[in-house]
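Report on the following structure.
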Amino acid sequence: MTSTQNTSELPAPIGHFGPYGGRFVPEALIGALEELDAAHQSAMVDPVFQAELSHLHATYTGRPSIITEALRFSEHAGGARILLKREDLNHTGSHKINNVLGQALLTKRMGKKRVIAETGAGQHGVAAATAAALFGLECVVYMGEEDTRRQSLNVARMKILGAEVIPVTAGSRTLKDAINEAMRDWVTNVDSTHYILGTVAGPHPFPTMVRDFHKIIGEEARAQVLELVGRLPDAVLACIGGGSNAIGIFHEFIPDSNVRLIGFEAGGDGVETGRHAATITGGSPGVLHGTRSYVLQDANGQTVESHSISAGLDYPGVGPEHAYLHDIGRAEYRAITDKQAMEAFDLLSKTEGIIPAIESAHALAGAMIVGKELGPEAVLLINLSGRGDKDVETAAHYFGIPL
Amino acid sequence: MSTSLEEVFVKTRLENRAALIAYIPAGFPSVEGCKRVIEVLAQSGVDALEIGFPYSDPVMDGPTIQEAAGIALQAGTGAAEVFETVKYAHDAGLATVVMTYWNPIEKFGVEAFAREMANNGGSGVVTPDLTIEESAQWKAATKTFGVNTIYVVAPSTKGERLAQVTAQCSGFVYAASLMGVTGARSTISSGAHDLVTRIRATTSMPIAVGLGVSTREQARDVASFADGVIVGSAFIKIILEAKDEDSALGEVKHLAQELAVGVREGR
């Protein structure tokens, strides 16, 4: 090699989890991703940024979120101790606020005035609209038309918060298409706009950055379980669509090799029917929305439409870190059908007086299975990632309750 | 050995003009209909053809190409039809490249895709969402089979990054005229000229400008500073809006001939 730089050499891949992750995006976005990566890295080691975020979590989000032991629900889960990490009690009703407050602070740091977001169930959209209101940012949320119907209450919430909600009519009219439309907006308006991606997918640095903003869930929960039980849990359970709440609660436990990490994907009508959103269980490695991970796809690499009763899990991709944790055997991924999830939804409501989000009900259905497998000595930590207020209409329809 | 695409730019440089490059997705409006469009383009002054591999999640494409890709996908267009169309265009005398998002290549097999391109007379592949950091396997495969690698750079691509990307291009450098998605625009952004000037400082490779060009006047303006003019959505819009195939082919022919005049008027 000479001393002058040889530009014909390829730069090294970045943001990889084994073979997964990376950046597969139009060159137009590279500058913005590099700016975001730099802002994220400097913020992570900046005590002022961390203090500001902690202050917001203490005075606005309502952190730390509590642990509730579900004693009556436990009877339906093999008698295992069931500990619920109550992210549903956060402001805006789910874990999503952790990430949007972090990204809104980064938006301010980068001097941008407009944010865009995609949303499926509407939880991330509501959280993004909330953060935008708090920081005085213009906010546009892209939401599949099908989801705006399933989650009309959240559409109204976003509008009340001052956001513009744009229904996306392309493709399957769900979360996948909302992300496409948000990426198109971002390519066009990248100078003024930050894209608050709501999950641990997308091009680097999103999978790492969104995880960093959610890992507080596992950090708190690990200490809380040690305090309450005097030992680590046997398993940590979470639902998984894109995988943000799951990576948030898993991350702190990854070095604890005796703690099983189990993600529950949306099995829809059953993985064998093809009508599901169980990307790791039923998909294969590929590239979608800027990252390499597991994807539901056909023989030509076309994304296959996913199906789930839960709008928030109805996504044919999954975060690359989950793909890696699966391949190396550190985490397990299983599918829960709509029916199993709705049984758990009903059961937690009636035994504990807690109406969970249908997304989180997938993890609760998982707890019923794993609890029976491990028995009454087991301690299970479950991420109750969101509350079910938004799902009342869907549940009423499902259970035949007249409205 | 040089590709047909490289020969096109040698020829157009000798003629002191820009090359006209047309875009159409394979399988649009149907596999056979696409061939008839290609036939017309080949006879109407088009120098090279970009064949789109229709993809379910085209984040760089505006509504017009999204709709065309959707029609092609509904009809079941996949890799086999894409290569069949490449061979057809090559046999019709057009230098032919494929434009595809990355996942269809990865699913087909990186090496196999490069091999099939070469086997069917294709010159190169435009990869709008493949970053240079993720290109190692693709670069090796295309080198083995003599296939050009065309990357897209944008007005936001600056400094050392621009030189790094253009160094990975062969055939031509694809300059996106604006920050945004594909689709006809009433004016071509002044950023296009600036971007081409900045690319020239990094490479002697031909530079083709795409995104937004739809008229003879725009083609002429772009041809005054670029080596190639890429037109896609304008052709597709004609086909989507035409009352029948004959009138579509007639209008495609008229537009191609107008654009062919435009690229010759630029200098």
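Residue numbers start from 1 in every chain, and the chains themselves are labelled A, B, ... in the order their sequence lines are given, proteins ahead of strands.
- Between the side chains of A:H204 and B:E133, no donor-acceptor pair of N or O atoms lies under 3.5 Å.
- The part of A:D298 that comes within reach of chain B is its backbone (N, CA, C, O), which places non-hydrogen atoms under 4.5 angstrom from that chain.
- For the pair B:T131/A:V25, a side-chain contact is recorded, criterion being any heavy-atom separation below 4.5 Å from C-beta on.
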Evaluation steps, side-chain contact (heavy atoms from CB on, under 4.5 Å), between A:F24 and B:L130: CA-CA 5 Å; A:F24 296 84; B:L130 178 66; 4.2 Å; yes
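- Of the inter-residue distances, the one linking A:D191 atom CG with B:M179 atom CE reads 6.5 Å to the nearest 0.5 angstrom.
- B:Y151 is not listed as a side-chain neighbour of A:E27, based on a closest heavy-atom distance of 4.5 Å or more.
- Under the side-chain contact (heavy atoms from CB on, under 4.5 Å) criterion, B:A136 pairs with A:L10, not counting sequence neighbours.
- The main-chain N or O of A:T303 is found under 3.5 Å from a side-chain atom of B:S56 such that the two form a donor-acceptor pair.
- With a 4.5 angstrom heavy-atom cutoff, A:A299 touches chain B only via backbone atoms.
- Heavy atoms of other residues, nucleotides or ligands lying less than 6.0 angstrom from NZ of B:K237 number 12 at most.
- At a threshold of 4.5 Å between non-hydrogen side-chain atoms, the residues B:E106 and A:R292 count as touching.
- For A:E305, no part lies near chain B; criterion is any non-hydrogen pair under 4.5 Å.
- B:S156 places a side-chain N or O within donor-acceptor distance of the main-chain N or O of A:A28, the cut-off being under 3.5 Å.
- At least one donor-acceptor pair under 3.5 Å links the side chain of A:N300 to the backbone N or O of B:A79.
- Within the 3.5 Å criterion, the main-chain N or O of B:G62 finds no donor-acceptor partner in the side chain of A:R184.
- The candidate from B:A80, B:P54, B:G70 with the greatest count of non-hydrogen atom pairs under 4.5 Å with chain A is B:P54.
- Heavy atoms closer than 4.5 Å to chain A are found nowhere in B:K158, neither backbone nor side chain.
- Between the CG atom of B:D57 and the CG atom of A:D177 there is a distance of 6.5 Å, given to the nearest 0.5 Å.
- Contact count versus chain A (heavy atoms, under 4.5 Å) is highest, among B:K139, B:E134, B:Q66, for B:E134.
- Residue B:T157 touches chain A through its side chain alone, counting heavy-atom pairs closer than 4.5 Å.
- Atom OH of A:Y324 is surrounded by 12 or fewer heavy atoms from other residues, nucleotides or ligands within 6.0 Å.
- Two residues are said to be in side-chain contact when any heavy atoms from C-beta on lie closer than 4.5 Å; A:P11 and B:I132 meet this criterion.
- A side-chain donor-acceptor contact under 3.5 Å links B:N103 to the backbone of A:V287.
- Of the possible polar contacts, none joining the A:N180 side chain to the B:V59 backbone as a donor-acceptor pair under 3.5 Å is found.
- Every side-chain contact (heavy atoms from CB on, under 4.5 Å) that A:E34 has, sequence neighbours left out, goes to A:R23, A:I30, B:R161.
- Interface remark: B:P155 contributes no atoms to any contact with chain A (heavy atom separation under 4.5 Å).
- Proximity to chain A involves both the backbone and the side chain of B:Y55, based on heavy atoms less than 4.5 angstrom apart.
- For B:L73, the part sitting under 4.5 Å from any heavy atom of chain A is the side chain, from C-beta outward, and nothing else.
- The contact between B:P104 and chain A is made by backbone and side chain atoms together, counting heavy-atom distances below 4.5 Å.
- By the 4.5 Å heavy-atom criterion applied to side chains, B:Q168 and A:E9 are not counted as neighbours.
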